[in-house]
Amino acid sequence: MNSSANIKSYVVQSICLLYVLLFVYAGVSKILDFENFQVQLGQSPLLSAFAFWVSWLVPLVEFIIAALLMIPKFRKAGLKASLGLMTMFTAYIFIILHYSSFVPCSCGGILEKMSWNVHLIFNIVFLILSMAAILFSRDSEDKYNNGSAVFKSLKWIAATIVISTSIVIFLFLSSENIMHHNNPFFRRYPTHPAEFSSEVDLKFNSYYFAGFSSGRVYLGNYTNPSHVVALNEDLKKQDTLKIAFDPKAIPFKTVTIAVRNDHFFLFDGSVPIFFRGDLKNWRVTTELKGMPYFTRAVPIDSTTIVFRSNNAVNSANVLGIYNSIDSLKVNYKRGLLQKQIDGIFDTDGTLLYSEELKKIIYVYYYRNEFIVADQNGILDYRGNTIDTIKRVKIKVTSLKNGTERAMSSPSFVVNAHSAVYKNILFVHSKVKGRAENNQLWERSFIIDIYDLNNKSYLLSFPIYHRTDEKLHSFIVTQTHLYVLIGKRIAVYKFRDIIQKEFKSKSK
């Protein structure tokens, strides 16, 4: 009996020592690389919303449990706490592998070298060890009631596993809801959701995206507006097209080209003038007469344009709908853009249209807000990006006795560029989130993705760039992201984690 008891005592002590080594090593590793540990938790699909306090709590609990295991008087309590914490770690990994939207990076130390599946097996082994140690370390008063003591220990083990697993499940469900709908400004970075495919040197930085149609990307050029560059999806084939058009005496200032389905549009809001042509021959065939002056314009279809002009009070921005076959032609939607300072600079932004959803989207540059409206300009809802900039951070000065306005301080840009495809809104954010790596922001442009149907944030990913390069704009298709950076165009291929989110119909 004594020999058996000695063996069990030796086994318990050995298991406790293993746990002490594990928890001390894991806790020290987290503290030594605390910033990275907090960043990884912030990107976790389970704990993103709770990353701040969990990052402090986990190493603290690991050290406390290690101390309990080293003191014989508290060893049993330490083993029970070890079982609970290891159950949480195991449940966390199981949910990551089977139920999360993506699998993040590992969590540091030697465990970082393990795959998630190996890590799961590693945790299960330690779970079994803790359960064995609890069964072997029954109180001496239970030695004459062995069966009852074992049953009592098994019930406690089962209850600990159920409660610990339930806590992780609760945190997972709560974090998912918070991250998607009430994000505390933590970004999620899945592993390579968009992979670099190829790039082309365009030689000049005056190009812009005119549109995408029938597997081809079209680029306009501000300095040579009558020429359009067409590239196939992988950028390996390039054609230069010339628009057949005699402008006569039209005093063009800034000509823009836009492609929508089988048509192209040539327009200049300072004239104002709007023409339509056919992609088959690139010949202007129709003038859409009656357009007012405008500063932004996006074709909805062959006869309808959504535009922005300075037609509101004090020349403030206002959105409007133009329809060439409607007797009224122009219908201003004066309640869509909301003034915070002057109604001009503070309402500046990107105007988009989702053909599949039949929705107009307007993303403000200087605040964390975007507008979603139907094709008639009726407001659907006002959404928010995940950053915390609710108020515009600019200063506006009046010049020439109030007849002109200018920004008197550097503008704080929130949403620099945007694009939409079906129900997914892509936003190039210039605001650093909580627990994010400084080097990542120095080396890349961050793209945040939102689901317009569910009014939720989905994920983020970086577009890496070279020194001092500037992102001019980007465009999105079902399978690719095209980016104009400096003097080059680059294409990134979407992986399933993004492609599966595209849906044509609005909920």
Side-chain angles (χ1 to χ4, degrees), residues 256 258 260 265 267 269 272 274 288 290-301 303-324 326 328-387 389-394 396 405 411 413-429 448 450-456 506-507:
T256 304
R260 173 74 69 189
F265 299 84
F267 51 93
F274 220 103
L288 303 181
M291 276 290 293
Y293 288 93
F294 57 90
T295 54
R296 296 272 193 277
V298 174
I300 291 178
D301 54 39
T303 60
T304 310
I305 291 67
V306 56
F307 65 91
R308 189 191 75 186
S309 75
N310 299 120
N311 185 265
V313 178
N314 295 323
S315 298
N317 289 322
V318 62
L319 295 182
I321 309 293
Y322 166 87
N323 192 317
S324 63
D326 194 334
L328 186 61
K329 289 191 182 298
V330 178
N331 186 2
Y332 289 101
K333 302 298 177 179
R334 301 190 182 277
L336 288 179
L337 300 184
Q338 293 184 325
K339 171 183 173 181
Q340 287 189 349
I341 298 177
D342 67 335
I344 302 176
F345 294 106
D346 62 341
T347 58
D348 202 2
T350 305
L351 180 60
L352 307 167
Y353 181 70
S354 171
E355 184 177 3
E356 293 77 12
L357 292 189
K358 300 189 183 306
K359 299 288 186 183
I360 298 164
I361 300 98
Y362 190 87
V363 185
Y364 289 109
Y365 285 147
Y366 305 115
R367 57 177 122 158
N368 67 345
E369 186 179 340
F370 59 88
I371 300 165
V372 180
D374 67 17
Q375 59 187 340
N376 297 313
I378 306 301
L379 179 67
D380 189 351
Y381 69 91
R382 298 183 187 276
N384 293 102
T385 53
I386 59 173
D387 60 87
I389 313 299
K390 294 182 179 181
R391 298 289 302 179
V392 174
K393 295 184 178 182
I394 60 175
V396 179
R405 294 182 179 88
S411 59
V413 179
V414 177
N415 306 309
H417 306 92
S418 305
V420 67
Y421 181 75
K422 292 187 176 180
N423 60 305
I424 304 300
L425 175 65
F426 295 74
V427 178
H428 168 213
S429 174
D448 297 328
Y450 302 86
D451 188 335
L452 298 177
N453 285 344
N454 297 327
K455 305 176 185 179
S456 62
S506 177
K507 291 186 178 181

Pairwise salt bridge (charged side-chain N to carboxylate O under 4.0 Å, His left out) hits with a residue in residues 367-378, at least two apart: R367-E369, E369-R382

Any residue meeting salt bridge (Lys or Arg N to Asp or Glu O under 4.0 Å) with R391, in chain and number order, not counting sequence neighbours: none

Salt bridge (Lys or Arg N to Asp or Glu O under 4.0 Å) against D448, all qualifying residues, sequence neighbours excluded: R187

Residue pair F267 / A258: nearest heavy atoms and the distance that separates them: CE2-CB, 3.8 Å

Non-neighbouring partners of D387 that pass salt bridge (Lys or Arg N to Asp or Glu O under 4.0 Å), sequence neighbours left out: none

Residues which pass side chain to side chain donor-acceptor pair (under 3.5 Å) with T303, listed by chain and number, not counting sequence neighbours: D301

Minimum-distance pair of heavy atoms, taken over all atoms of L351 and R296: CD2-CB, 4.1 Å

Heavy-atom pair of closest approach, residues N368 and N415: CA-ND2, 4.3 Å

Side chain to side chain donor-acceptor pair (under 3.5 Å) involving S354 - partner list, sequence neighbours excluded: none

T347 side, atom OG1; K339 side, atom NZ - distance, nearest 0.5 Å: 10.0 Å

Shortest non-hydrogen contact from Y293 toward G269: CD2-O, 3.4 Å

Non-neighbouring partners of R334 that pass side chain to side chain donor-acceptor pair (under 3.5 Å), sequence neighbours left out: N311

Pair listing, salt bridge (charged side-chain N to carboxylate O under 4.0 Å, His left out) test, anchored in residues 418-428, at least two apart: none

Ring centers of F307, Y332 separated by less than 6.0 Å: yes

Any residue meeting side chain to side chain donor-acceptor pair (under 3.5 Å) with Q338, in chain and number order, not counting sequence neighbours: none

Least distance between heavy atoms, S418 atom then V427 atom: OG-CG2, 4.0 Å

For H428, all residues meeting side chain to side chain contact (heavy atoms under 4.5 Å, CB included), sequence neighbours excluded: A416, H417, K430, F445, I447, L471, F474

Reported OH-to-OG1 distance for the pair Y364 and T350, which is rounded to 0.5 angstrom: 12.0 Å

Side chain to side chain contact (heavy atoms under 4.5 Å, CB included) against K358, all qualifying residues, sequence neighbours excluded: Y353, Q375

Test side chain to side chain contact (heavy atoms under 4.5 Å, CB included) applied to V420 and Y450, step by step: CA-CA 10 Å; V420 67; Y450 302 86; over 6 Å; no

ring-ring contact (aromatic ring centres under 6.0 Å, His included) partners of F370, counting only residues at least two apart: none

